[in-house]
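Heads up, the thing below is written out as structure tokens.
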Number of protein chains: 2
Amino acid sequence: MPAAAATGTTAGKPGTSAADGVSPGASADTSKGGRRRAGRPSAALLDQAGITSAALELVGRKGYDGLTMAALARQLDVAPSALYNHVRSKREVLLLVEDHLTALVDVSGFAAGPWEDAVRTWAWSYRDVFAQHTPLIPVIAVLPVTDAPQTLAMYETVSAAFLAAGFPEERIVSAIVALESFIFGSAYDVTAPADIFDAGSMAAATPHFTAAVRSLAARGDESPADVAFGLGLEALITGLGALRG
Amino acid sequence: MPAAAATGTTAGKPGTSAADGVSPGASADTSKGGRRRAGRPSAALLDQAGITSAALELVGRKGYDGLTMAALARQLDVAPSALYNHVRSKREVLLLVEDHLTALVDVSGFAAGPWEDAVRTWAWSYRDVFAQHTPLIPVIAVLPVTDAPQTLAMYETVSAAFLAAGFPEERIVSAIVALESFIFGSAYDVTAPADIFDAGSMAAATPHFTAAVRSLAARGDESPADVAFGLGLEALITGLGALRG
DNA sequence: CCACTAAATGAATGCCATTCATTTATTAGA
DNA sequence: TCTAATAAATGAATGGCATTCATTTAGTGG
């Protein structure tokens, strides 16, 4: 399970959620509900799906520092101010991206098989997706689920599976939150520089820590972030699993 | 090794960091060692300790949105550009604040008593400190320990205690990282709005999740964030504790 | 008293998200 | 077919931000 970690990122699951496929290009004017009133231009250059995929491409190419409203507009061949006809703020752009990414998290394990395996698959995949998008984590943390349909869909799938696995209803949300907290915190670790624990000139003053760091580095195959995540995840699975009736 | 910590940052030149003298701004940092060269003003208005405490006061009063270099300068009765004689960037200000806060984390439990109790005390305290400073979390995550002496000191204390408790040396860093990841993720939860899980109009589409949320709310005394943190922490303590030889 | 230097200044610079009055393009309905 | 309504795009502001830099200020050791 450890090395496979990296794969999860691409693992978009078709059956995961209620979202239609979307056609990210320039024209997918499906939803955007609301009745039409008077004359209404049909060939809009922008919509939320297009903005979302342009934002994702931009992030992939330039990182989150490169995701500015100006750059986003340029990517879409449009004036920056045009974006505000479709999105209330930059935060809403981040929110659209977040919800899109959540749909990539692998919840397929919850359909069948042991609860432990399903949680493992889900957690590794969840971490892998957001490890490449850590600037979204502060956004997610305060995000009312109402504003993120895909995220809500994921919670429904996971909740149903926890109930089926024998969890008492009043513990389900707490267990999910505990797992998510660990997942988000661990996503940051993945991005940490390799020498983050190098004490440098202070090494002599911190002998126990320095020795611990050195013996950690000695083991070769797995990345430190993966080792720590695996360790914590197994502890959580065992400990939380014991709550089942 | 207390406040002397602050030195290293301005370095870059041999022997430059020294800047002792009489009364600095608001809070005096005692001699920072280093040899003196030529003539040198003794009544500096600013130093890193003063900047740190001004930043903390500002954050307490206006939050992290209010912590701008301009506001910080105003607080210290100084021009914004003056700050850059003592600090390389705003990020370094955040770093100073982070290191100061880390010193507030309660590691006293590691001095004696059972490992489990010490970890519990440490983890709750750690979470509580940073729950009020979540904007620092992305900074901490990528922060080389070299740049944060207090943080390094905490790691040394914790590492020594884990070793004494019977942990194999090569698992210590992983165990600490796993705990920290959980702690940082959980710190975000504390700040989440109470209605974060209200599915609103989508409630009908997510019956299991909605029911789980409702039954959670039913239990009154403890905050949801505390319940989740306690649940996860106990699982981690049990699971990680099993690694001890 | 002079040469040296850390520290403070104030005026730029460039980037950013966001706003707004205005224009453009489309279509429903008369 | 003409017209009124309207969504969407524009381009020029606005105000805030961190940061830079040439310059000035003021102590101090020699």
Side-chain angles (χ1 to χ4, degrees), chain A residues 26-29 31-51 54-55 58 62-95 135 139, chain B residues 7 9-25 29 32 34-51 54-55 58 62 64-95 135 139:
Chain A
S27 59
D29 74 328
S31 57
K32 299 185 68 180
R35 56 240 146 77
R36 27 191 89 205
R37 292 272 211 72
R40 155 104 135 306
S42 62
L45 290 169
L46 294 178
D47 68 355
Q48 291 196 336
I51 290 173
L58 199 51
K62 311 270 193 183
Y64 277 87
D65 282 352
L67 179 57
T68 68
M69 294 303 268
L72 189 51
R74 201 174 325 119
Q75 174 96 10
L76 290 158
D77 257 309
V78 127
S81 52
L83 295 168
Y84 290 87
N85 287 320
H86 304 269
V87 132
R88 243 190 291 278
S89 64
K90 180 175 180 180
R91 185 171 190 277
E92 189 167 323
V93 173
L94 296 177
L95 200 143
V139 175
Chain B
T7 26
T9 10
T10 35
K13 296 182 183 178
T16 29
S17 63
D20 75 340
V22 213
S23 53
D29 192 87
K32 295 184 188 165
R35 58 224 145 77
R36 31 193 83 207
R37 290 270 208 72
R40 177 124 94 319
S42 61
L45 290 169
L46 295 177
D47 67 355
Q48 291 195 336
I51 290 174
L58 199 50
K62 310 271 192 182
Y64 278 86
D65 282 352
L67 179 56
T68 69
M69 294 302 267
L72 189 51
R74 202 176 323 120
Q75 173 97 8
L76 290 158
D77 258 308
V78 126
S81 52
L83 296 168
Y84 289 87
N85 288 319
H86 304 269
V87 132
R88 244 193 287 280
S89 63
K90 180 175 181 180
R91 184 171 191 277
E92 190 169 321
V93 173
L94 296 177
L95 200 143
V139 175

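All chains are named by letter (A, B, ...) in the order of the sequence lines, taking the proteins before the strands, and each is independently numbered beginning at 1.
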(message) Please pick, from D:dT19, D:dC17, C:dA8, the nucleotide with the shortest atom-to-atom distance to any side-chain atom of B:P80.
(response) D:dT19
(message) Return whichever of A:R88 or A:T68 has its heavy-atom-nearest nucleotide of DNA chain C closer to the 5' end.
(response) A:T68
(request) Please report the shortest heavy-atom distance between B:A70 and B:P80, naming the atom on each side. (result) CA-CG, 4.2 Å
(request) Measure across B:A71 and B:G66 and return the closest heavy-atom pair with its distance rounded to 0.1 Å. (result) CB-O, 3.5 Å
(message) Is there a side-chain contact between B:H86 and the phosphate of C:dA8, meaning an N or O under 4.0 Å from OP1 or OP2?
(response) yes
(request) Spell out, as yes or no, whether a donor-acceptor pair under 3.5 Å connects the side chain of B:Q48 to the backbone of B:H86. (result) yes
(request) Could you state the atom-to-atom distance from NZ of A:K62 to P of C:dC15 in whole Å? (result) 13 Å
(message) Output the rounded distance in Å from CG (A:L83) to P (C:dA17).
(response) 10 Å
(message) Rounding to an integer number of Å, can you tell me how far A:M69 CE sits from C:dT19 C1'?
(response) 12 Å
(message) A side-chain contact here means heavy atoms from C-beta on lying under 4.5 Å apart; do B:M69 and B:V93 qualify?
(response) yes
(message) Just the rounded figure in Å: distance from C1' of C:dA8 to CG of B:D77.
(response) 13 Å
(request) Would you mind reading off the distance between A:Y64 atom OH and C:dC15 atom P, rounded to a whole angstrom? (result) 23 Å
(request) Would you mind classifying the nucleic acid contact of B:S81 as base, sugar-phosphate or nothing, using non-hydrogen atoms under 4.0 angstrom? (result) base
(request) Answer yes or no: side-chain N or O of B:N85 and base N or O of C:dA6 forming a donor-acceptor pair under 3.5 Å. (result) no
(request) Using atom CG of B:D47 as one end and atom P of C:dA6 as the other, report the distance to the nearest whole Å. (result) 16 Å
(request) Figure out the NZ/P separation between A:K90 and C:dC15, and round it to whole Å. (result) 15 Å
(request) Please state how far atom CZ in B:R74 lies from atom C1' in C:dA8, giving the value in whole angstrom units. (result) 17 Å
